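Take a look at the structure set out below.
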Amino acid sequence: MAIYFCLTGRYFYAALIGVSTSTGSFIAQYITVYCSGCTLAAAIFGVAGLVSLMLSGTDKPVYSLSVIAVMVIGVMFMINNLPQYHQTPVIAQPVAIERQTTKAENQKIKKPILYITPDCKSCKEVVKQFIAADPKGDNWQPVVIPAILLARGESLLRSDGYKGEVLSAPESPTGFVPLLQIGEKIYRGKEINISKIGKGAGQ
């Protein structure tokens with residue numbers, strides 16, 4: 001549709017579509033989960049929209065300012081949603097964990113906690129290892145983040161043979177997944193090993 005408006009010389013409508021699509025994507029990712037490919041596509045749409053706005057040459061500055069304001073809002077959501085790839089030292093922050101059936105009920109979990117998200121490939125590999133070793137979750141607790149993806153996360157866990165309880169949280173203590181928390185200790189990525197859950201059981 002935007003291409004059609006560009007070809008017909010109606011650049012303002014093309015700009016409106018591009019910027020709206022971009023901002024909508026940024027907001028959707030902020031609500032659900034960050035997606036690098038989606039962010040790149042949304043950024044391209046946003047740039048194309050701004051270029052179309054420059055070509056429109058509209059004599060109504062209010063329209064132009066409105067489109068720019070929408071783009072600025074989208075960029076703000078994008079910046080706040082970008083993952084933190086560097087965090088030294090790693091500092092665990094308290095996270096409110098919720099039961100699947102009881103909303104907003106904080107818990108103190110005594111066994112190792114594995115934070116995962118459905119769209120994380122590394123998480124799927126780790127989850128399969130943990131389920132193979134302990135399908136009932138006696139010595140570990142899966143926590144799906146963000147909470148809005150709890151249903152998808154539980155479905156993936158069940159399909160791999162998990163039979164225990166599934167919890168959710170807004171985010172992991174450090175913002176990374178997969179992440180294994182055993183007491184005050186934090187393990188990420190390749191540091192996560194199935195042998196570690198025995199050490200955290202009953203803590």
Side-chain angles (χ1 to χ4, degrees), residues 25-26 28-40 78 80-203:
S25 176
F26 290 143
Q29 291 179 67
Y30 183 83
I31 296 174
T32 56
V33 65
Y34 172 78
C35 167
S36 57
C38 303
T39 297
L40 178 60
M78 179 194 70
N80 289 328
N81 196 42
L82 287 175
Q84 298 178 359
Y85 292 106
H86 302 284
Q87 188 173 8
T88 306
V90 176
I91 302 175
Q93 300 296 332
V95 175
I97 300 176
E98 302 174 358
R99 285 187 181 275
Q100 175 190 352
T101 54
T102 306
K103 189 175 182 180
E105 180 182 353
N106 294 346
Q107 300 181 75
K108 291 183 179 179
I109 301 175
K110 297 182 179 180
K111 51 188 174 182
I113 304 172
L114 179 64
Y115 292 92
I116 60 172
T117 190
D119 297 317
C120 169
K121 293 182 180 180
S122 299
C123 295
K124 294 177 182 178
E125 297 175 2
V126 172
V127 164
K128 288 181 179 179
Q129 295 177 18
F130 275 56
I131 292 177
D134 184 5
K136 294 183 179 180
D138 293 329
N139 297 318
W140 66 290
Q141 176 61 62
V143 174
V144 178
I145 63 169
I148 194 172
L149 297 181
L150 174 60
R152 284 181 55 196
E154 183 188 11
S155 177
L156 289 173
L157 287 163
R158 301 300 183 200
S159 66
D160 285 334
Y162 180 69
K163 301 176 182 178
E165 186 177 27
V166 182
L167 306 180
S168 67
E171 60 183 1
S172 73
T174 64
F176 289 87
V177 286
L179 183 139
L180 179 65
Q181 181 177 9
I182 303 178
E184 299 297 325
K185 294 183 179 180
I186 296 294
Y187 302 93
R188 298 184 304 179
K190 295 181 179 179
E191 297 175 344
I192 301 175
N193 190 292
I194 189 63
S195 63
K196 287 186 170 62
I197 67 172
K199 300 177 182 178
Q203 288 188 358

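These numbers come from a predicted model, not from an experiment.
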Taking K121 first and then E125, would you say they form a salt bridge - that is, a charged N and a carboxylate O separated by under 4.0 Å? no
Answer with yes or no whether the side chains of N193 and S195 bring together a donor and an acceptor at under 3.5 Å. yes
Assess whether a salt bridge exists between D160 and K124, defined as any Lys/Arg side-chain N lying under 4.0 Å from an Asp/Glu carboxylate O. no
Using a 4.5 Å cut-off on heavy atoms from C-beta on, say whether the side chain of V177 contacts that of I145. yes
For I113, does its backbone N or O pair with a side-chain atom of W140 as donor and acceptor, under 3.5 Å? no
Decide yes or no for P178 and S122: does some side-chain heavy atom of the first lie under 4.5 Å from some side-chain heavy atom of the second? yes
Name the residue from V126, L157, L156 that meets the side-chain contact (heavy atoms from CB on, under 4.5 Å) definition with I116. L157
What's the verdict on side chain to side chain contact (heavy atoms under 4.5 Å, CB included) for L114 and V127, showing C-alpha distance, side-chain angles and the deciding distance? CA-CA 8 Å; L114 179 64; V127 164; 4.3 Å; yes
Side chains of P173 and Y115: does their closest heavy-atom pair fall under 4.5 Å? yes
Exam field: side chain Q141 to backbone E165, donor-acceptor pair closer than 3.5 Å: yes
If every non-hydrogen atom of R188 is compared with every non-hydrogen atom of F176, which pair is closest and at what distance? NH1-CE1, 3.0 Å
Does any N or O in the side chain of T117 come within less than 3.5 Å of the main-chain N or O of C120, such that one atom is a donor and the other an acceptor? no
Does a side-chain heavy-atom distance below 4.5 Å link P118 with V144? yes
Quick one: closest heavy-atom pair of D134 and N139, and the distance? OD2-N, 2.7 Å
Closest non-hydrogen atom pair between L150 and V166, with its separation: CD1-CG1, 3.7 Å
Taken to the nearest 0.5 Å, the spacing of K163 NZ from D138 CG works out to 11.0 Å
Ignoring hydrogens and geometry, is there a side-chain-to-backbone donor-acceptor pair from R158 to Y162 under 3.5 Å? yes
Looking only at atom types and distance, does a side-chain atom of K196 sit under 3.5 Å from a main-chain N or O of P112, one as donor and one as acceptor? no
Shortest non-hydrogen separation from C38 to S25 and the atoms involved: O-OG, 3.8 Å
Taking all non-hydrogen atoms of both residues, which atom of I194 and which atom of Q129 are closest, and how far apart? CD1-O, 3.7 Å
Any heavy-atom pair between the side chains of Q181 and V143 that's under 4.5 Å? no
Nearest heavy-atom neighbours spanning I131 and G161: CG2-C, 3.7 Å
Taken to the nearest 0.5 Å, the spacing of L179 CG from Y187 OH works out to 11.0 Å
